[in-house]
Amino acid sequence: MKMVNSDQIKQLDNIAMESFCIPGIVLMENAGICVFEEVLKYIEQKENKEVIVVCGLGNNGGDGFVVARHLFNKGIPVKVFITGNPSAISGDAKKNYDIIQKLNIDIQILVGVNNLKKFSEVVKGCGLIVDAIFGTGLKRDVDGFIQEIISIINKSEKGIISIDIPSGVGASDGKVYGLAVKADKTVVLALPKIGNINYPGADYAGELIIKDIGIPKAAIKNMDLNMNLITNDMVKGILPFRKRDTHKGNFGKAYVVAGSTGMTGAAILTCEAALRSGVGLLKIPVPQSLNTIMETRLTEAITVPLPEFKKGVVGISDFEKILKTMEESNVIAIGPGSGNSRELEELLRNILEHTSKPIVLDADALNSLANRKEFLKLIQSQTVMTPHVGEMSRLTELDIDYIKNNRIEVASEFSKKWNVVIVLKGARTVVAGPNGEIYINKTGNPGMSTPGSGDVLTGIITGFIAQGIEPIKAAVAAVYVHGKAGDLAAERIGEYGLLASDIIKELPITIKHIVEKIKINA
Ligand SMILES: NC(=O)C1=CN([C@@H]2O[C@H](COP(=O)(O)OP(=O)(O)OC[C@H]3O[C@@H](n4cnc5c(N)ncnc54)[C@H](O)[C@@H]3O)[C@@H](O)[C@H]2O)[C@H](O)CC1
Ligand SMILES: [K+]
């Protein structure tokens, strides 16, 4: 599903109005009706049916007037509060304001402190608040007076439905501009905004309900939008159909360079995740001294013991053998638990120099690249890199806080600069491709912030690429599946004790449910 920032939704609105002759007031009516329907659903189950609609002076407020009108027409008690002088209301919002005035709907103007006291009192008596103060037009920090209004709404302990985006959250970045409404539900109009998905704003939205307000699909297509929210349908479309008449050779071969003394677990998690994601054959080069451990733990993988120069570390002492296995494989993953060493750096350089196969670079491979930035030039297309913000900071030499605040931009710039797919991990993982395409993932939970979780993701990406999925699509599908499996694990056992291996356990059923489009309650 496409995602937009505030300029793009404005542009889309204009295309709908100018190129498709859809009057803005029709879009506003549709928006208002969508919200009205959600309000009805909410108050149906409540005894106190009185609704307060708090409207700003822009079109978000205009949507609020439409909601108020439909509630009024249905005989539901409704009061409208306006957060400033109504003489500033214009355009379609003004037309809807005029209508509710004619209908004699109870409208109160919120200016001055005394008014706020009255507002507080009315709020205490209502059943639901509709937040229509600011939408995608929020431009700067919310001023003190409106912050007080938002504070009264947030402290009310009433149900809160926000229109389009919780007021105070920036539609283009998800930042909180001073103070924001903490909604139970947000009815998102037309397409999700970045601020509906990105943190911290996402925490303010409650349940997201995305509604079609009649913007033609052709208008969306014409816009050439580069940002996408990863959905179940998108992932279902990526995962390959499995024919009945098959053998393991049909599902690809993966080569996983991972693990070293003290970190064999990372290798095991990566390999198991790749196997549980459906790879046909998996080989792992193993320093001779670790072979027994790996063989004992990895029942279904093939270990390839190698002579070791540094004990417990895969090096290039038998690169011929490594090269041969690499050439037989469809994908190579490097880095989980490999340890930081000269051996790994040399191995990485040799691998990058000698193969054009798709490569997944994670953990210590990323640290090696950060240490030896000259290797970045060796990276070929079809490479996926999976940094968390710390690794991204080492790679780019950008400040961690800067990366946290500009996740999409940083991932996209790096991806374009080095012609690689970047998976910038974290809550709302960003997948960025060299053509500027961006995918944002909404699945996952804090329980997945646990050792080995990233190794599992690398395994899933590797397993998917091995099965013939193009690297960027494999990354998109993998981050979604990884998060969804984590959500299922959290539902079963909670977030606190969730381990990376629990995510792996849920992979088969998660993939089954995505492919068969069965709703999982997680
Ligand atoms: N295609 C659609 O999705 C449609 C969306 N609609 C709704 O319209 C809003 C966007 O409306 P817009 O008028 O552009 O902006 P806002 O309502 O958010 O109002 C902003 C309003 O307030 C002023 N302002 C901005 N920041 C501040 C601030 N910090 N303090 C005080 N005042 C501020 C600004 O100058 C504007 O006047 C969208 O979200 C939808 O809800 C349409 O109804 C249908 C099509
Ligand atoms: K709003």
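In listed order, ligands and their atoms are each counted from 1. Just so you know, these numbers use all the heavy atoms, side chains as well, and skip hydrogens, waters and symmetry mates. All values reported here derive from a predicted model rather than from experimental measurement.
Comparing K10, M28, M17 against atom 44 (C) of ligand 1, the shortest heavy-atom distance belongs to M28. When the options V66, D92, V187, N59 are ranked by their closest heavy atom to atom 13 (O) of ligand 1, first place goes to N59.
Of the protein's heavy atoms, D63 OD2, 3.7 Å lies nearest to atom 6 (N) of ligand 1. At the top of the distance list for atom 39 (O) of ligand 1, counting protein heavy atoms only, stands D164 OD2, 2.7 Å. For atom 25 (C) of ligand 1, the nearest protein heavy atom (residue, atom name, distance) is G137 O, 3.3 Å. Scanning all protein heavy atoms for the shortest distance to atom 22 (O) of ligand 1 gives F134 CE2, 3.7 Å.
K185 NZ: more than 12 foreign heavy atoms inside a 6.0 Å radius.
The atoms of ligand 1 that sit less than 4.0 Å from any heavy atom of L138 are 18 (O), 25 (C), 26 (N), 29 (N). With ligand atoms numbered from 1 in the order given, ligand 1 contributes 16 (P), 17 (O), 18 (O), 39 (O) to contacts under 4.0 Å with heavy atoms of G135. Proximity to G58 (heavy-atom distance under 4.0 Å) selects the following atoms of ligand 1: 13 (O), 17 (O), 19 (O). Short contacts between ligand 1 and K139, defined as distances under 4.0 Å to a heavy atom of the residue, involve ligand atoms 25 (C), 26 (N), 34 (C), 35 (O).
At a heavy-atom distance under 4.0 Å, only backbone atoms of D141 (N, CA, C or O) approach ligand 1. Heavy atoms of I215 found under 4.0 angstrom from ligand 1 belong exclusively to the side chain.
Between F81 and F119, the angle of the ring planes goes over 60°, which puts this pair in the perpendicular group of the 30/60° scheme.
Q108 and K79 are not linked by any side-chain donor-acceptor pair at a separation below 3.5 angstrom, with hydrogens and angles left out of the test. With 3.5 Å as the limit, one finds no donor-acceptor pair spanning the side chains of N441 and T429.
With the K ion (ligand 2) as the vertex, O of F134 and O of I163 span 110° to the nearest 10°. Annotation: angle subtended at the K ion (ligand 2) by S167 OG and N60 OD1 is 100°, to 10°.
When you scan the N, O or S atoms of D131 for the one nearest the K ion (ligand 2), you land on O.
Checked options L366, L424, T396, I403; the residue passing with E391 is L366 (criterion: side chain to side chain contact (heavy atoms under 4.5 Å, CB included)).
At a threshold of 3.4 Å, the K ion (ligand 2) has a backbone or side-chain N, O or S atom of I165 nearer than that distance.
Between the side chain of T186 and the backbone N or O of A205 there is at least one donor-acceptor pair closer than 3.5 Å.
Contact check on D487 versus K484 returns no salt bridge, with no Lys/Arg side-chain nitrogen under 4.0 Å from an Asp/Glu carboxylate oxygen.
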Between K41 and E44, is a salt bridge (Lys or Arg N to Asp or Glu O under 4.0 Å) present by the stated rule, with each step listed? CA-CA 5 Å; K41 269 191 222 160; E44 248 169 28; over 6 Å; no
